[in-house]
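As structure tokens, the structure follows; a few thoughts come after it.
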Protein chains: 2
Amino acid sequence: MENKGNFGQAASAPTARERPTLKTIAFMTGLGVTTVSRALKDAPDIGAETKERVRMVARQLGYQPNRAGVRLRTGKTNVIALVLSIDEEIMGFSSQMVFGISEVLSGTPYHIVITPHSHSKDPMQPVRYILDTSSADGVIISRIEPDDPRVRLLTERGMPFATHGRTDAGLTHPFHDFDNEAFAHQAVEKLVKRGRRRIALLQPPSKLTYYAHIRIGFQTGLHDYGAEEVPLRVNTDAPLADIRDIVEVMMRSANAPDGIVCSAGSAAIAVNAGIEAAGKALGRDLDMVSKQSVPILNWIRPEIITAQEDVRQAGREMAKAVIARIDGVEPELLQSISQPTWPNSGR
Amino acid sequence: MENKGNFGQAASAPTARERPTLKTIAFMTGLGVTTVSRALKDAPDIGAETKERVRMVARQLGYQPNRAGVRLRTGKTNVIALVLSIDEEIMGFSSQMVFGISEVLSGTPYHIVITPHSHSKDPMQPVRYILDTSSADGVIISRIEPDDPRVRLLTERGMPFATHGRTDAGLTHPFHDFDNEAFAHQAVEKLVKRGRRRIALLQPPSKLTYYAHIRIGFQTGLHDYGAEEVPLRVNTDAPLADIRDIVEVMMRSANAPDGIVCSAGSAAIAVNAGIEAAGKALGRDLDMVSKQSVPILNWIRPEIITAQEDVRQAGREMAKAVIARIDGVEPELLQSISQPTWPNSGR
DNA sequence: CATTTCTACTGTATCGTTACAGATTGCATT
DNA sequence: AATGCAATCTGTAACGATACAGTAGAAATG
């Protein structure tokens, strides 16, 4: 029963305290390298007892497959690339997303690689790089446009990915999104319930898909609850100083709104500054509703009515979706939308 | 001069639109794979004209070395691991650091991999993982303690790294730090120049190295400018609600300070809330100085006197330091300290 | 002219893993 | 006794790059 004549594969020595490889395990178990490899991935043609033995030795040695070896042989990188826009970031938005993603990845062999880019520059560049160098098994992108060229390219090339935000051009792909339409609609409701009727909207840049969602929610809200819009000609991507100045001018004008809906937490800070600069007070002269991804607005002005977008949860969802997509799950099944929660909106 | 009989190495075909490898270039130039490899790394035993020819073809093909191949053969991962603490993060602290790092890395073959961990759990775990699996060429860590076991381990194992913060136990290693001593000293100065004499300090947790720096700067400041300390029994790591409550109690007491120095931007938000809850006003009843890494405090209360810590710059410095260390530069030469800047402190 | 030296290039083996095509054994079937 | 057939196990080649030990030819040396 003893196997003699083990020349080809497992001939060499275990060489002391080096990192263990399949060869080490093969040597220790007296098996061939191939057998060990197949045993560890629970292949059907390996005996149950052998598998058990191999697993024990592997655990004992603290064996971890060499990523470069696997990657070279199979092409599997065990990497998820997170493409981040470097500009927008003021609050801990992307950190939260990173942490959400890594929570999910921590139980898997996947690592997370950050690929940043300036969204004023070519947003295709990082995606192209990842595709050209096959440097990831999956990709996560944000700031999605209705007919996003990155989504097209990734789909076309068969690269698994998930998006934070939806497209709107007949493209089917995994995504996680916040229900911005519901948010805007409910925001108007909150304001009207507080007796506000003349409402301004600080909206996202119009090229992003959720601009439309915000608009629709806002407008149906105005209609449903009988309010009107006070136009505000600036968007959430503008420099904070610009937002403050424009809001201040608006609030000083005869046409000042008595309610503001704000689509981003960092912008809300600037809006608030504009309001105060105009000598108005939240809760008295007007109310403001804002979305936020980090619970910070309430610390600044408790009067701001906030809807929470759980970005960490978004990270988790997208990580799960990408991995599922890598495992061949259909994109249709990997789409989710999270609802706004209103931690402090006393009815 | 034409080379015939090219059997062993460059025999196989270029196979159409696949990703180019050394073999592709070898085939196209009629050279051996080894020659191409050496030509691309500018080895001295390759002819000048040949090098030029190889480089042209490589550029033409858009050749990028296969990372798995390099890594398997040489052990070089071309990865910098950023170990991030997942808990502390409220503001965009770590995002800024990530972006600073990637700014530097973008001109290099290095990728940045995020390795998060909860600092309530074992902080050695991610470092051990990186060492055991040799999964990076360099490491960046933060939240440094005076005798940090991670620094010891990384040094002992010869893994290049840089820290955000210093140690204080005779360990020599690359670091970038903010001059917290200068900050605290100058903070006291600012307060005293505004006529404040009874000053509280919201300090970092005492196990971190910069606790001592803050304390020393604060205390020499008190001494130099003739002020006294009002004790505050909470640190910047505490939940924001706790900070607010404790500050509120302090501000309502007979012993309330007329100045506060705050060592972290997010905590300052809670401190401000506590002050307001106690019915006090910044600029009237007291002044506050705070460090911040993202320019947000001034939007909240312009009265807060802020010192800017440029975390993005810290990221850049650390990235440069790690790479230099990988390239063999002595640790002594890779240490830097940045000074606080005071964007809004009217003299 | 023979020998050494130098320049410029090349083949082989190897890193750790896995796909693939066998090989060995025992046992049931004819 | 020969054959077929699972059930297990194994060697070889390959992924792409590079360290190393060459080799061929030209030029310099004696």
Side-chain angles (χ1 to χ4, degrees), chain A residues 1-12 15 18-27 29-54 58 63-78 109 133-135, chain B residues 1-12 15 18-27 29-54 58 63-78 109 133-135:
Chain A
M1 218 56 177
E2 209 63 73
N3 91 337
K4 53 229 159 154
N6 201 327
F7 304 129
Q9 288 191 336
S12 17
T15 53
E18 303 264 278
R19 182 169 172 203
T21 69
L22 290 181
K23 199 146 112 187
T24 319
I25 302 176
F27 182 87
T29 53
L31 295 164
V33 172
T34 305
T35 311
V36 173
S37 172
R38 297 187 57 65
L40 285 174
K41 40 177 53 64
D42 204 20
D45 64 345
I46 305 294
E49 195 206 342
T50 304
K51 282 180 188 169
E52 196 46 49
R53 213 152 55 86
V54 169
Y63 170 74
Q64 305 246 172
N66 180 305
R67 310 190 114 229
V70 175
R71 179 164 172 177
L72 182 56
R73 180 65 238 242
T74 65
K76 179 125 212 248
T77 62
N78 284 308
T133 61
S134 306
S135 57
Chain B
M1 220 57 176
E2 209 64 74
N3 91 338
K4 52 237 161 144
N6 202 327
F7 303 129
Q9 287 192 338
S12 16
T15 52
E18 304 265 278
R19 181 167 173 206
T21 68
L22 290 181
K23 198 145 112 187
T24 320
I25 302 176
F27 182 88
T29 53
L31 295 163
V33 173
T34 305
T35 311
V36 174
S37 171
R38 298 187 56 66
L40 286 174
K41 40 178 53 64
D42 203 23
D45 63 346
I46 305 294
E49 196 206 339
T50 304
K51 282 180 189 170
E52 196 46 50
R53 212 153 53 87
V54 169
Y63 170 75
Q64 306 246 169
N66 180 305
R67 311 191 113 230
V70 175
R71 179 164 172 177
L72 183 56
R73 181 65 239 242
T74 65
K76 180 124 211 252
T77 61
N78 284 309
T133 61
S134 306
S135 57

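Numbers restart at 1 for each chain; the letters A, B, ... are given by sequence-line order, proteins then strands.
The distance from atom CG of L31(B) to atom C1' of dA17(D) is 16 Å, rounded to the nearest whole Å. Remark: C1' of dG16(D) and CD1 of I25(B) are 12 Å apart, rounded to the nearest angstrom. Taking atom CG of residue L40(A) and atom P of nucleotide dT10(D), one finds them 14 Å apart after rounding to whole Å. Rounded to whole angstrom, the span from the CG atom of L22(B) across to the C1' atom of dC9(C) amounts to 15 Å. Across the protein-nucleic acid pair, I46(A) atom CD1 and dT10(D) atom P stand 8 Å apart, rounded to whole Å. Residue K23(A) contributes atom NZ, which lies 14 Å from atom C1' of dG11(D) at whole-angstrom precision. At whole-Å resolution of the value, CG in D45(B) and C1' in dT18(D) are 13 Å apart. If you measure from atom CZ of R53(B) to atom C1' of dA8(C), you get 12 Å, rounded to the nearest angstrom.
The nearest pair of heavy atoms linking A26(A) to G32(A) is CB-C, 4.0 Å.
Here the CZ-CG distance, from R38(B) to L31(B), works out to 13.5 Å after rounding to the nearest 0.5 Å. R19(B) CZ to N66(B) CG: the interatomic distance, rounded to the nearest 0.5 Å, is 5.0 Å. Between S37(B) atom OG and I25(B) atom CD1 the span is 9.5 Å, to the nearest 0.5 Å. To the nearest 0.5 Å, atom CD1 of residue I46(A) and atom CZ of residue R53(A) are 11.5 Å apart.
From one end of the helix from dC1(C)-dG30(D) to dT30(C)-dA1(D) to the other, with five pairs defining each end axis, the axis direction shifts by 70° (rounded to 10°).
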Next item on the list: Go through the steps to decide whether K23(A) and V36(A) satisfy the test side-chain contact (heavy atoms from CB on, under 4.5 Å), and finish with yes or no.
Entry: CA-CA 8 Å; K23(A) 199 146 112 187; V36(A) 173; over 6 Å; no

Check: side-chain contact (heavy atoms from CB on, under 4.5 Å) between N78(A) and R71(A): does it pass, once the steps are laid out?
Finding: CA-CA 8 Å; N78(A) 284 308; R71(A) 179 164 172 177; over 6 Å; no

Next item on the list: Could you go through the side-chain contact (heavy atoms from CB on, under 4.5 Å) check for T77(B) and R67(A) one step at a time?
Entry: CA-CA 10 Å; T77(B) 61; R67(A) 310 190 114 229; over 6 Å; no

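For T50(B) and dC9(C), the shortest distance from a side-chain N or O to OP1 or OP2 is below 4.0 Å. For S37(A), no side-chain nitrogen or oxygen approaches OP1 or OP2 of dT17(C) to under 4.0 Å. Contact annotation: K41(B) side-chain N/O to dT18(D) OP1/OP2 distance is under 4.0 Å.
Of the candidates dT10(C), dC15(D), dT17(C), dT17(C) carries the atom nearest the Y63(A) side chain, counting heavy atoms from C-beta on. Each of dC9(C), dT10(D), dC20(D) was ranked by its minimum atom distance to the side chain of T34(B); first place goes to dC20(D).
Between P65(A) and the options L22(A), V70(A), L40(A), T21(A), a side chain to side chain contact (heavy atoms under 4.5 Å, CB included) holds for only V70(A).
Shown for residues 64-78 of chain B: residues whose heavy atoms fall under 4.0 angstrom of DNA chain C, namely L72(B), R73(B).
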